[in-house]
Amino acid sequence: MEYIQQILFAVVLGAAIWLIARRIGIIKKTIQLGRSEDRTDHPSERLGMMLRVAFGQKKMFDRPLVGIMHFILYAGFLLINIEVLEIILDGLSGQHRMFAPFFGSGYLYLLGFFEFLAVGVLAVCVIFLLRRDVVKVDRLQASKHREMKGWPKLDGNLILIFEIVLMVAILTMNAADSVLQDINSVHYTKAGDFLFSQFLKPLFSGWSESSLIALERGAWWFHIVGILGFAVYVTYSKHLHIALAFPNTYFARLIPKGEMNNMPEITKEVKIMLGMEADAAGTPPAAAEAPGRFGAKDVQDLSWKNLMDSYSCTECGRCTAACPANITGKKLSPRKIMMDTRDRLEDVGRNMQANSGEFVDDGKSLLGDYILEEEILACTTCNACVQECPILINPLDIILQLRRFQIMEEAKAPASWNGMFSNLETSQAPWKFSPADRFNWADELK
Amino acid sequence: MSETHYKVPTMAEMAAEGKSPEILFWVGCAGSFDDRSKKITVAFVKILNKIGIDFAVLGTEEGCTGDPARRAGNEFLFQMQAMANIQMLDMYSVRKIVTACPHCFNTLKNEYPELGGNYEVIHHSVFLQQLIDEGRVKVQGGDNFKGRKITFHDSCYLGRANGIYEAPRTVLEALDADLVEMKRSRAKGLCCGAGGAQMFKDAEPGRKEVNIERIEEALGTGADTIAVSCPFCMVMMTDGVKNKEKEDSVRVLDLAELIAQAEGL
């Protein structure tokens, strides 16, 4: 009987690992569709950034209360994994609470600590659900932000419900376990009453040993299958930030927020036009490999980091809540820019899967079919969205690349921008003034 | 207009005399052509004159840094402007540039190096702060700001873009005024609505103009002076004040103008 449980567990675990590995493979492959960009410089600075921002959650504490609550979820998630490791090893070996002998009397405190986290996670998840659905925090409302309609809204609620159910399972399992210990059930290692689940014991006190074992096993299986199922779910969900926050902060931009990435392929052409470079002989290799397109029309034109950003986004909407365009009712929402980029990337990934790994043109593109011209035109490049993101996602970088495509490839600009461009060309100023009048301001001083 | 004779030497004049000034004052297009911003330029030049800074301007030789073209997506035009400017700056062997425009500042400082233009670039808020710290600007002899309520509107290209939040505030503190902060300030500061080449086109359809959202917040502090450090913010905030019909009671002034007033210039 026990061997059957072990085999079954190994099969479930193997299936989960296979599903997760396959999904990671797809995500990795689609991220690699992006342009190459070197983000490996200054490794120690990058490591420090990752430790502060992802591991230490520095930016989450801009809003202290939510920051603390999120930290409880995060710490709970990280540390409860130690117990999950025990559960997995138990499941494979057919043992029960195999860590108990190693920790001795400390095991009770360890489990007590895990239960403390479990109760904390449970409470925070309930509060977060209330914030989403009862208090109705503005940035999370589908009624206020169109990108949250449908799946994103459901996804946000499902994650919290999933976690609540898992925590209830862990506490039920421990309570049933304690009752079984009390009646000296053979398989149940004496560990003692646990910090919180002991209060659930009265619920099960009159139960028979077999019912208790069924309950404990049921809760055990439910919990571990739930966790494995959740792990698979996460790879299809906005919740992927729990993993990607780390590489995403490590590979974040280190240069000032105000600096736009240079386009060396254009520098080369400009130098030739100005007679500063006669031929292509002195062209650096990076410029020689110029892509066929200026700016970005689709996800393949963006950098791999833009694409990783899109998978890392957990749709919290802090960017959108700080965006001056969005605040004043324009269509632009930096969160939507990230979600659209990810949705397009997912569609491209599915297309590739359906066509034996090769992308077959579907007549669509990120700009036009997902993100509209009206959205990218509304951006003031103020960097509020970049400043707000707790895991250093950069929506502005995507917006500016889409603008470059729109202007340089499509020559589609508002008439007044075209006017500004021609003023720059003719009089080196964005307004229609004569360059000869540029110094007239000094007249009153003379 | 003024009794005092102010000097505004150009790089060309200096070069003709075989001289090279300590700093180049990069005026920028707004500071050169926009009537309101020209007053900022004049105020800053008066300060430079008073304390005897060895400076020059490019005069008619200056050209747009290319910032609005680059933000709009026109990288060709940006790089054409940038290359032409770099050639000229290098011809005059410019080493240190001070500018009153955060957009020029950001572009010259962060974006010209990759195109071969390497200069020490300082925004006038930092420059003024240094002069105050060194005791060269005494902030006396003119208007008394004691007890006046001033709020500071952070420019995105100075603040978030380049992490400069304290220098402008230090300058304002030197006025001994009552500095009141808006809720959205420093890293959380709300844009005036002009950046990213928005200055040069109408806004997309929405509920409200960005500068109205911002001016409501600024007026909400009860300040009689809104201090800015950017010519674009100046335009947007001034328009906002007019929109709210507060031009009689609320003034929008650049840091350089406030210091010049305090110095009696």
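By convention in this document, chain letters (A, B, ...) are assigned in the order of the sequence lines, proteins followed by strands, and residues within each chain are numbered from 1.
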Quick check on [X] against chain B: is it the side chain, the backbone, both or neither that has a heavy atom closer than 4.5 Å?
| X | value |
| --- | --- |
| E374(A) | both |
| D443(A) | neither |
| P324(A) | both |
| W417(A) | both |
| M420(A) | side chain |
| I327(A) | both |
| A436(A) | backbone |

Going from [atom1] on [X] to [atom2] on [Y], what distance comes out if it is rounded to the nearest 0.5 angstrom?
| X | Y | atom1 | atom2 | result |
| --- | --- | --- | --- | --- |
| K201(B) | N418(A) | NZ | CG | 12.5 Å |
| E265(A) | E75(B) | CD | CD | 8.0 Å |
| C382(A) | D154(B) | SG | CG | 11.5 Å |

May I ask you to test the [X]-[Y] pair for a side-chain heavy-atom distance under 4.5 Å?
| X | Y | result |
| --- | --- | --- |
| F78(B) | L424(A) | no |
| M80(B) | L274(A) | yes |
| R70(B) | L400(A) | no |
| R438(A) | C29(B) | yes |
| V42(B) | E444(A) | yes |

Check: Is there a donor-acceptor contact under 3.5 Å from the side chain of T380(A) to the main chain of G193(B)?
Finding: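 No, T380(A) side chain to G193(B) backbone: no donor-acceptor pair under 3.5 Å.
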Next item on the list: Step by step, work out the side chain to side chain contact (heavy atoms under 4.5 Å, CB included) result for W441(A) and V8(B).
Entry: CA-CA 10 Å; W441(A) 59 266; V8(B) 196; 3.5 Å; yes
Quick check on [X]: does its [atom1] atom have over 12 non-hydrogen neighbours (other residues, nucleotides or ligands) under 6.0 Å away?
| X | atom1 | answer |
| --- | --- | --- |
| K58(A) | NZ | no |
| N118(B) | CG | yes |
| K38(B) | NZ | yes |
| I255(A) | CD1 | yes |
| M273(A) | CE | no |

Relative to chain B, which of [options] shows the most heavy atom pairs under 4.5 Å?
| options | value |
| --- | --- |
| P430(A), S427(A), G419(A), A325(A) | P430(A) |
| C323(A), C379(A), P414(A), S434(A) | C379(A) |
| E425(A), E375(A), Q401(A) | E425(A) |
| I407(A), D62(A), T328(A) | T328(A) |
| R404(A), K257(A), K331(A), E388(A) | R404(A) |

Greatest number of heavy atom pairs closer than 4.5 Å to chain A - which of [options]:
| options | answer |
| --- | --- |
| K39(B), Q81(B), R214(B) | Q81(B) |
| G28(B), A30(B), A203(B) | A30(B) |
| A72(B), A161(B), G163(B) | A72(B) |
| G31(B), S32(B), P102(B), C191(B) | S32(B) |
| L115(B), N162(B), L58(B), T65(B) | L115(B) |
| M199(B), R160(B), K208(B) | R160(B) |

Check: Under 30°, 30 to 60°, or over 60°: which ring-plane class applies to F33(B) and F433(A), parallel, tilted or perpendicular?
Finding: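 The rings of F33(B) and F433(A) lie parallel, inter-plane angle below 30°.
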[X] versus chain A, heavy atoms under 4.5 Å apart: side chain, backbone, both or neither?
| X | answer |
| --- | --- |
| K7(B) | neither |
| T10(B) | side chain |
| F232(B) | side chain |
| N106(B) | side chain |
| A82(B) | neither |
| E213(B) | side chain |
| R184(B) | side chain |
| Q87(B) | side chain |

Check: Under 3.5 Å, is there a donor-acceptor pair linking the side chains of N262(A) and Q79(B)?
Finding: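 Their side chains do contain a donor-acceptor pair, which is all the 3.5 Å distance test asks for.
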Next item on the list: Check the pair Q198(B), T381(A) against side chain to side chain contact (heavy atoms under 4.5 Å, CB included), reporting the backbone distance first and the verdict last.
Entry: CA-CA 9 Å; Q198(B) 296 297 336; T381(A) 71; over 6 Å; no
Next item on the list: Go through V27(B) and F439(A) one step at a time and tell me if the side chain to side chain contact (heavy atoms under 4.5 Å, CB included) criterion holds.
Entry: CA-CA 9 Å; V27(B) 180; F439(A) 198 28; over 6 Å; no
Check: Closest approach of L445(A) and K46(B), non-hydrogen atoms and distance?
Finding: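 In this case the closest contact between L445(A) and K46(B) is CD2-CE, 3.9 Å.
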Next item on the list: Let me see the working for T267(A) and M83(B) under side chain to side chain contact (heavy atoms under 4.5 Å, CB included), right down to the final yes or no.
Entry: CA-CA 9 Å; T267(A) 309; M83(B) 290 292 185; 3.4 Å; yes
